[in-house]
Structures are given as C-alpha cells and as structure tokens.
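Reckoned from all heavy atoms, side chains included, excluding hydrogens, waters and symmetry mates. Sequential numbering from 1 along the given sequence is applied to the chain's residues.
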Amino acid sequence: MQLNTLETKFAKCSSIEIPDAFYNRMSTGNDEIDTMFGTEQFKGFMAGSAITITGTPGAGKSTLLCQVSQMLTTQGKRAAIASGEESHIQIAYACKRLGVTDVDVAHIKDVEEIAAAMHSYDFMVVDSFQALRSNKNMKKREFNQYAQDLLLSTAKETGCVLVFVLHITVSGLPKGGTDVIHAVDVNMRVMVDKDDNSMRLIDVYKNRFGETKTHMAMMNANGFDFKGLYTAPTAEVKEKKSK
C-alpha cells in the first residue's frame, strides 16, 4: 500500500479514491493501544504513517515501543528496532525483561541501511533520530532534512509505520529543530506523573489519522500495564500538567 505524496492537480474530493488502509488499520490486538493511535471506529496504526515520541530519560519511551512492537508481531506483523545508541545486546537484554521475544533488533545508525530495511518490515522504530548518520558529506541541518525526507518517503512507499524517538532540550523541544515534528503524522510524549512515580501520562497531541488524547497507564519493572490503560479526563490532565 502506498500513501501517494506526489503533488497533484486540483480535483473534486468526491472523485479521489481513498485507499483501504485508511479504514483497515494495523492492529496490535489491544483495543486501548489501537484507539490511542486511531479512533473508536478505525482503530490501530495507519500503514505508512510516521510518528514521533519524546519524553524525559526514564519516562518509558523505549519500553512502550518494545511492548507495542511485540504486540504487532503477535498479529503477524514484522517489527524492528534500529538503535543508534544501544548495542543489540543491550536492546535484547531490555526485551527479555519485558517479555519481548519476536522483534528484530539491531545497533544501526546508517539512514540508507534503515530505509532499505523498511521494505521488509511493517513497523520500524528509529532510536533515535539524532543518532542517525550517513556516509554522505552534508552539514548537520542538511543531513537532518535528508534523513527525514528519505525515511518518510520510504514509509509512504512501503506502508511501513515509522517511529522516531526524539531527544529533547531542557525547554522540551526536539534537539536539532522542530522540522521533523511538523513533517510526521503523529506526535506523542511520555511523562512521569508528578503525583505517582509509577504512573505515566501518554499524551498524543497531534494525530492526522485519529484523535488527540492523553492516556494514563501504570509502569513497573516489567513494563507498561496496558490492561489498566485509560483515557484521562481533560480536567485531570490539565491539573497534573499545571503542577
């Protein structure tokens, strides 16, 4: 399935054919997780979509993505984690603790290699965007644009869901600029609840193919308890964020 991103001439919206992927989303098998990325009517990941996830160290970004990746593999999908910051042994060690067994992992930074690998996967986590490298001789800003464009276009071409883990500054903005958060389809952040260190706020604050909501879930040494995941009432979220 391809999400065509080529420029087109004007046409009546009623004459444009909508791909089946807009209605038949990629499911994790968990209703709560699927609703987080989609809607009550069309649950799950949109094939070919791109996501960013941010959060402070220890908030649970990698844990969340490892567990979601495993859920997708139980539904017959192929999921992979490309880490530029941890060795494959470190990733495998964390996966073992979380009960993640069927996700492919690699210590890899080369953006062209990752793009090539996406042709073989349904779900690709890049941890992190700032760790990406290339043999091409480019200035940092030029490279960031190149890496972003290459991986996003590959996601659209292959239907592989792409997730960028982003490092953030003290002010909470992505390091190296905000271009990538504007280019992707979904932005989310994981935050530690200030009232309860075991509780996490999973805030989906931009979603082109679904709803924007904040979810709450418990996290312990074995990962997230998604059975206890629930959508936090707006008033409760505002109160917690203001503290």
Side-chain angles (χ1 to χ4, degrees), residues 1-11 16-19 21-22 25-26 37-38 45-55 61-62 65 68-69 72 77-86 104-169 172-189 204-210 212:
M1 192 287 302
Q2 296 184 358
L3 295 181
N4 198 326
T5 57
L6 299 177
E7 291 188 9
T8 64
K9 295 181 179 180
F10 288 104
I16 299 171
E17 184 178 353
I18 309 300
F22 277 71
R25 306 291 179 88
M26 188 186 304
F37 292 98
F45 292 96
M46 172 73 74
S49 61
I51 301 164
T52 65
I53 181 169
T54 62
K61 302 183 296 296
S62 297
L65 294 172
V68 169
S69 297
L72 288 168
K77 303 299 182 182
R78 292 200 63 194
I81 299 172
S83 176
E85 302 179 358
E86 293 185 298
D104 290 352
V105 302
H107 175 59
I108 180 173
K109 299 181 181 181
D110 188 277
V111 65
E112 288 89 3
E113 284 190 52
I114 295 172
M118 288 171 66
H119 288 262
S120 301
Y121 290 98
D122 303 295
F123 191 81
M124 175 67 72
V125 175
V126 177
D127 189 3
S128 66
F129 180 77
Q130 285 85 0
L132 290 172
R133 297 291 183 268
S134 172
N135 291 326
K136 296 182 182 295
N137 186 20
M138 289 181 280
K139 294 181 178 179
K140 186 62 177 176
R141 185 171 181 79
E142 183 185 4
F143 169 73
N144 285 347
Q145 188 66 53
Y146 165 74
Q148 170 187 305
D149 291 347
L150 175 61
L151 293 178
L152 291 181
S153 63
T154 303
K156 298 295 184 286
E157 176 190 349
T158 62
C160 178
V161 176
L162 173 67
V163 185
F164 289 128
V165 178
L166 299 182
H167 292 312
I168 56 175
T169 63
L173 295 174
K175 290 184 178 179
T178 59
D179 288 352
V180 68
I181 66 171
H182 296 304
V184 301
D185 305 301
V186 179
N187 297 134
M188 60 187 297
R189 56 191 160 220
V204 181
Y205 61 94
K206 171 187 172 183
N207 192 347
R208 288 175 178 159
F209 302 121
T212 54

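Taken from CE in Met118 to CZ in Phe123, the straight-line distance is 11.0 Å, to the nearest 0.5 Å. The structure places CZ of Phe37 at 12.0 Å from CE of Met26, a figure rounded to the nearest 0.5 Å. To the nearest 0.5 angstrom, Thr178 atom OG1 is 10.5 Å from Leu166 atom CG. Once rounded to the nearest 0.5 Å, the distance linking CZ of Phe209 with OG of Ser49 reads 6.5 Å. Put simply, CG on Leu162 and CG on Leu151 are 5.5 Å apart, with the number rounded to the nearest 0.5 Å. For the atom pair CG of Leu150 and NZ of Lys136, the computed distance is 9.0 Å after rounding to the nearest 0.5 Å.
For the pair Glu85 (side chain) and Ala131 (backbone), a donor-acceptor distance under 3.5 Å is absent. Side-chain atoms of Ser83 come within 3.5 Å of backbone atoms of Glu86 as a donor-acceptor pair (strictly under, hydrogens ignored). Using modelled atom types, no side-chain atom of Lys77 and backbone atom of Asp122 make a donor-acceptor pair closer than 3.5 Å. Counting only distance, with no hydrogens or angles, the side chain of Arg78 and the backbone of Ser120 share a donor-acceptor pair below 3.5 Å. In this structure, the side chain of Asn207 does not engage the main chain of Thr212 through any donor-acceptor pair within 3.5 Å. Between the side chain of Lys206 and the backbone N or O of Val184 there is at least one donor-acceptor pair closer than 3.5 Å. Remark: the backbone N or O of His167 is not paired with any side-chain donor or acceptor of Lys175 at under 3.5 angstrom.
Within the 4.5 Å cutoff, the side chain of Val180 has heavy atoms near those of the Phe164 side chain. Contact annotation: the side chain of His119 approaches that of Glu157 to within less than 4.5 Å [non-hydrogen atoms, C-beta and beyond]. By the 4.5 Å heavy-atom criterion applied to side chains, Met188 and Ile53 are counted as neighbours. Annotation: side chain of Tyr146 is in contact with side chain of Met138 (closest heavy-atom distance under 4.5 Å).
A cation-pi arrangement is not found for Arg25 relative to Phe45, the charged atom failing to lie both closer than 6.0 Å to the ring centre and inside a 45° cone about the ring normal.
No side-chain N or O of Asp110 forms a donor-acceptor pair with one of Ser134 less than 3.5 Å apart. Asp149 and Gln145 share a side-chain donor-acceptor pair at under 3.5 Å. A side-chain donor from one of Asn187 and Thr52 sits under 3.5 Å from a side-chain acceptor of the other.
Tested against Val105, the residues Asp127, Val125, Ile81 include a single side chain to side chain contact (heavy atoms under 4.5 Å, CB included) partner, Ile81.
Atom CZ of Arg141 sits in a sparse spot, with 12 or fewer heavy atoms from other residues, nucleotides or ligands closer than 6.0 Å.
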>> Test side chain to side chain contact (heavy atoms under 4.5 Å, CB included) on Val111 and Phe143; report intermediate values, then the result.
In response: CA-CA 10 Å; Val111 65; Phe143 169 73; 4.0 Å; yes
